[in-house]
Amino acid sequence: QVQLVEFGGGLVQAGGSLRLSCSASGNTDCISTMAWYRQAPGKELELVAGITEGGTTNNADSVKRRFTISRDNAKNTLYLQMNSLKPEDTAVYSCHAVSVNWGANRDYWGKGTLGTVYS
C-alpha cells in the first residue's frame with residue numbers, strides 16, 4: 001500500500017509561483033512513475049505532468065515552460081514548481097503514483113491541494 005499527501009497549495013496573484021509537494025509513504029520502494037493531475041472547477045481531471053523513477057518528465061502543453069515536475073526518491077517526495085501562474089491554473093492538484101507489485105500496476109491518489117490564482 002502507498003499513501004500520498006499533498007502540500008503547498010494556496011492563493012497567489014497571476015504571474016506568481018507555487019511549489020507543491022507530495023509525500024509518499026508505505027511501500028514506496030514499489031513506486032515507478034508519479035504524476036500531478038489537476039481538476040479545475042467544473043472541469044474534467046487533467047494530467048499536468050509525469051515523471052519516471054529515473055527522472056524522465058513530460059508536461060501538458062498548457063503548462064509547458066511554466067511548470068516543472070521533479071522527485072526526490074530518497075525522500076519519497078514529488079514536487080511541482082509552478083511559475084507564471086494564470087487564473088486558469090486554479091484547480092485542485094492531486095498526486096498520483098503507480099506501484100508495481102508481482103507484475104501488476106496499482107494506482108494511488110492523494111486527496112489533493114487547492115491552488116487558486118487571481119487576477
Side-chain angles (χ1 to χ4, degrees):
Q1 296 281 10
V2 174
Q3 296 80 45
L4 304 172
V5 181
E6 301 94 340
F7 302 93
L11 178 66
V12 298
Q13 190 174 27
S17 299
L18 283 173
R19 183 172 174 82
L20 308 182
S21 63
C22 170
S23 179
S25 60
N27 296 327
T28 57
D29 56 316
C30 297
I31 294 175
S32 56
T33 60
M34 300 187 75
W36 287 100
Y37 286 77
R38 69 182 181 184
Q39 188 163 26
K43 301 296 191 297
E44 295 293 317
L45 191 68
E46 175 190 15
L47 174 63
V48 177
I51 185 169
T52 68
E53 188 174 7
T56 301
T57 63
N58 70 286
N59 298 85
D61 290 341
S62 60
V63 305
K64 233 167 188 175
R65 297 178 297 277
R66 299 189 299 119
F67 292 8
T68 302
I69 188 171
S70 62
R71 65 191 291 173
D72 187 335
N73 292 338
K75 296 181 178 179
N76 298 314
T77 303
L78 178 73
Y79 302 96
L80 184 66
Q81 180 65 46
M82 306 162 62
N83 298 325
S84 302
L85 285 164
K86 306 174 182 179
E88 52 262 43
D89 293 319
T90 295
V92 173
Y93 288 79
S94 300
C95 179
H96 172 258
V98 175
S99 177
V100 180
N101 184 263
W102 294 99
N105 291 352
R106 291 180 172 84
D107 295 307
Y108 297 92
W109 294 89
K111 294 183 178 180
T113 184
L114 176 63
T116 302
V117 185
Y118 65 93
S119 300

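Residues: numbered from 1 along the sequence shown. For clarity, every value in this text was computed on a predicted model and none was experimentally measured.
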Fill in the blank from the handout: What one should report as the nearest heavy-atom pair of Tyr108 and Ser99 is CE1-CB, 3.5 Å
Exercise for the section: State yes or no: do Val12 and Leu20 share one hydrophobic cluster built from I, L, V, M, F, W and Y residues joined by side-chain heavy-atom distances below 4.5 Å, directly or via other members? Expected result: yes
Problem - From CD1 (Ile69) to CE (Met34), nearest 0.5 Å - result: 8.0 Å
Practice task
Give every residue pair that meets the side-chain hydrogen bond (donor to acceptor under 3.5 Å, both in side chains) criterion with at least one member in residues 68-77, sequence neighbours excluded.
Solution key: Thr28-Asn76, Arg71-Asn73
Handout entry: Gly9 to Thr113 - nearest heavy-atom pair and separation
Key = N-OG1, 3.1 Å
Determine all donor-acceptor pairs shorter than 3.5 Å in which one atom belongs to a side chain in residues 78-87; sequence neighbours excluded.
unit_1	atom_1	unit_2	atom_2	d
Gln81	OE1	Arg19	NH1	3.3
Gln81	NE2	Asn83	OD1	3.0
Asn83	OD1	Ser17	OG	2.8

Problem - Transitive ILVMFWY cluster of Tyr118, excluding itself - 4.5 Å side-chain cut-off - result: Leu11
Handout entry: Considering all heavy atoms, the nearest Glu6-Ser94 contact
Key = OE2-CA, 3.3 Å
Handout entry: Atom pair OG1 (Thr33) and CD1 (Ile51), whose distance is rounded to the nearest 0.5 Å
Key = 10.0 Å
Practice task
State, with a plain yes or no, whether a side-chain heavy atom of His96 is found less than 4.5 Å away from one of Asp107.
Solution key: yes
Exercise for the section: Please report the closest heavy-atom contact between Leu47 and Ala35, naming both atoms and the distance. Expected result: CD1-CB, 3.8 Å
Exercise for the section: Taking Thr90 for its side chain and Val117 for its backbone only, find out whether a donor-acceptor pair lies under 3.5 Å. Expected result: yes
Problem - Cluster overlap Val63 with Tyr37, hydrophobic side-chain contacts below 4.5 Å - result: no
Practice task
Side-chain contact test, heavy atoms from C-beta onward, threshold under 4.5 Å: evaluate it for Trp36 versus Cys95 and give yes or no.
Solution key: yes
Completion exercise
When every non-hydrogen atom of Gly115 is compared with those of Tyr93, the smallest separation belongs to N-CD1, 4.3 Å
Practice task
Return yes if a side-chain donor-acceptor contact under 3.5 Å exists between Ser62 and Glu46, otherwise no.
Solution key: yes
Completion exercise
Minimal heavy-atom distance between Ala49 and Asn59, with the atoms involved, is CB-ND2, 3.5 Å
Handout entry: Asn101 side chain reached by Asn27 side chain, heavy atoms, under 4.5 Å
Key = no
